[in-house]
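Per chain, numbering begins at 1; letters A, B, ... match sequence-line order. All heavy atoms count here, side chains included; hydrogens, waters and symmetry mates do not.
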Amino acid sequence: MAVAERLSGMAGRIAGRQAVAGTGAVSWLMQRVTAVLVAVFIGVHIWVLHFTPEATSGSPVTFESVRQRMASPWYLTLDFLLLASLLYHALNGVRAVLLDWGVGARSEKMLTGILFAIGVLSFGYGAYALIPFFSGK
Amino acid sequence: MKNFASAYPAKYKVGMWAFVLHRLTGIGVALYLVAHMIVISTAAVSGTLSFDGVMETLRRPWVIALELVLIAAVLYHLLNGFRLLLFDVGVGIRSQKPLFWGLMAAGALTMAFATAALWPLMAG
């Protein structure tokens, strides 16, 4: 029983102090919009990289195969949209969880600012990491 | 704001466990995203040979097995998130439990397909 109590105690802490803290209307709406975008883009991303006949038959992802994929404006656009929508969805989700736990509740603007900065920096690093596939080294 | 979330975890029903699991998979996948961006991006900016080497390492059977765990977490978050979106537009609130289990059945089927597809890579 002690284990069950522990587990349910952990579940309670994961759930948070509040049912769902007020996170703001824009944050709420954007979480739904990005959810739909991420669902579509991540489906394509996982399918293309892991479940195409080439992938399941064992041909590895290589610098060259990514370079060819990135040469298509469609994949490039898809990758940037996935990067942007997923970063927003993940960081906005983290913000909601932290506010539920009471972290940053009293300095919500600072919390939002820090997470926004992490998002912008991550997007920048993701875009920077694509440069080699265009310069070829 | 009601304060019921952590008050009586022992009394949680399906909907509450669905919520807890949505949080857990959300946090888990967000942490994975950090590792994913660091590993793949750093490999990409470190040159052709290093990128191919990292990709080769990521094809080991145990990595593929972990990938299936990741896919399960993403899939759960996606399917339960779809259920939440339905509630937002006023659909399925009264039948939230059968809706949950129906989506979980769809998830289990998808996982069976994914496991079968990746099996040759795990079997070596």
K.L.:
Side chain from CB out, backbone as N, CA, C, O: work out which of these in A:Val66 comes under 4.5 Å of a heavy atom of chain B, or both, or neither.
P.N.:
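The side chain, not the backbone.
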K.L.:
Identify whether A:Leu37 and B:Val89 are in the same connected component of the hydrophobic contact network (ILVMFWY, side-chain heavy atoms under 4.5 Å).
P.N.:
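Both belong to a single hydrophobic cluster.
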K.L.:
Quick one: do the A:Ser27 and A:Asn92 side chains pair a donor with an acceptor below 3.5 Å?
P.N.:
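A:Ser27 vs A:Asn92: donor-acceptor pair found between side chains.
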K.L.:
Is chain A contacted by the side chain of B:Val74, its backbone, both, or neither, given a heavy-atom distance below 4.5 Å?
P.N.:
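Contact with chain A is through the side chain of B:Val74 alone.
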K.L.:
Before we go on, tell me: are the rings of A:Phe116 and A:Tyr88 under 6.0 Å apart, centre to centre?
P.N.:
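Centroid separation for A:Phe116 and A:Tyr88: 6.0 Å or greater.
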K.L.:
Which atoms of A:His50 are under 4.5 Å from chain B, going by heavy atoms: the side chain, the backbone, both sets, or neither?
P.N.:
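For A:His50, backbone and side chain are both near chain B.
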K.L.:
If you count heavy-atom pairs within less than 4.5 Å of chain B, which of A:Leu130, A:Val61, A:Leu91 leads?
P.N.:
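The residue among A:Leu130, A:Val61, A:Leu91 with the greatest pair count is A:Val61.
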K.L.:
Counting only non-hydrogen atoms closer than 4.5 Å, does B:Thr42 touch chain A with its backbone (N, CA, C, O), its side chain (CB onward), both, or neither?
P.N.:
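It is both, since atoms from each part get that close.
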K.L.:
Is the NZ or CZ atom of A:Arg69 both under 6.0 Å from the centre of the six-membered ring of A:Tyr75 and within 45° of that ring's axis?
P.N.:
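So A:Arg69 does make the cation-pi contact.
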K.L.:
Where does A:Ser65 contact chain B at under 4.5 Å (heavy atoms): side chain, backbone, both or neither?
P.N.:
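No part of it gets close to chain B.
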K.L.:
Of all of A:Gly58, A:Gly93, A:Ala90, which one pairs up most often with chain B through heavy atoms under 4.5 Å apart?
P.N.:
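Option with the top pair count is A:Gly58.
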K.L.:
Tell me whether A:Val36 is reachable from B:Leu103 by hopping between hydrophobic residues (I, L, V, M, F, W, Y) whose side-chain heavy atoms are closer than 4.5 Å.
P.N.:
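They do not share one cluster, since no chain of ILVMFWY contacts under 4.5 Å joins B:Leu103 to A:Val36.
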K.L.:
Do any N or O atoms from the side chain of B:His77 and from the backbone of B:Thr25 form a donor-acceptor pair under 3.5 angstrom?
P.N.:
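Judged by distance alone, no pair lies under 3.5 Å.
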K.L.:
Can you tell me which portion of B:Ile64 sits under 4.5 Å from chain A's heavy atoms? Options are side chain, backbone, both or neither.
P.N.:
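B:Ile64 has no heavy atom closer than 4.5 Å to chain A.
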K.L.:
Any side-chain to backbone donor/acceptor pair from A:Ser107 onto A:Met110? Under 3.5 Å, distance only.
P.N.:
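Such a contact is absent between A:Ser107 side chain and A:Met110 backbone.
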K.L.:
At a heavy-atom separation under 4.5 Å, does A:Leu83 approach chain B through its side chain, its backbone, both, or neither?
P.N.:
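It is the side chain, since no backbone atom gets that close.
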K.L.:
If I measure from the heavy atoms of chain A, does B:His22 come under 4.5 Å with its side chain, its backbone, both, or neither?
P.N.:
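Looking at B:His22, nothing touches chain A.
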K.L.:
When only pairs under 4.5 Å are counted, which of B:Ala117, B:Ala30, B:Ser46, B:Gly26 shares the most heavy-atom pairs with chain A?
P.N.:
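Of the candidates given, the most pairs with chain A belong to B:Ala117.
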K.L.:
Please check if the side chain of A:Ser72 supplies one atom and the backbone of A:Gln68 the other of a donor-acceptor pair under 3.5 Å.
P.N.:
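Pair absent, no side-chain N/O of A:Ser72 close to backbone of A:Gln68.
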K.L.:
Less than 4.5 Å to any heavy atom of chain A: does that hold for the side chain of B:Ala114, its backbone, both, or neither?
P.N.:
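Backbone plus side chain of B:Ala114, per the 4.5 Å heavy-atom cut-off to chain A.
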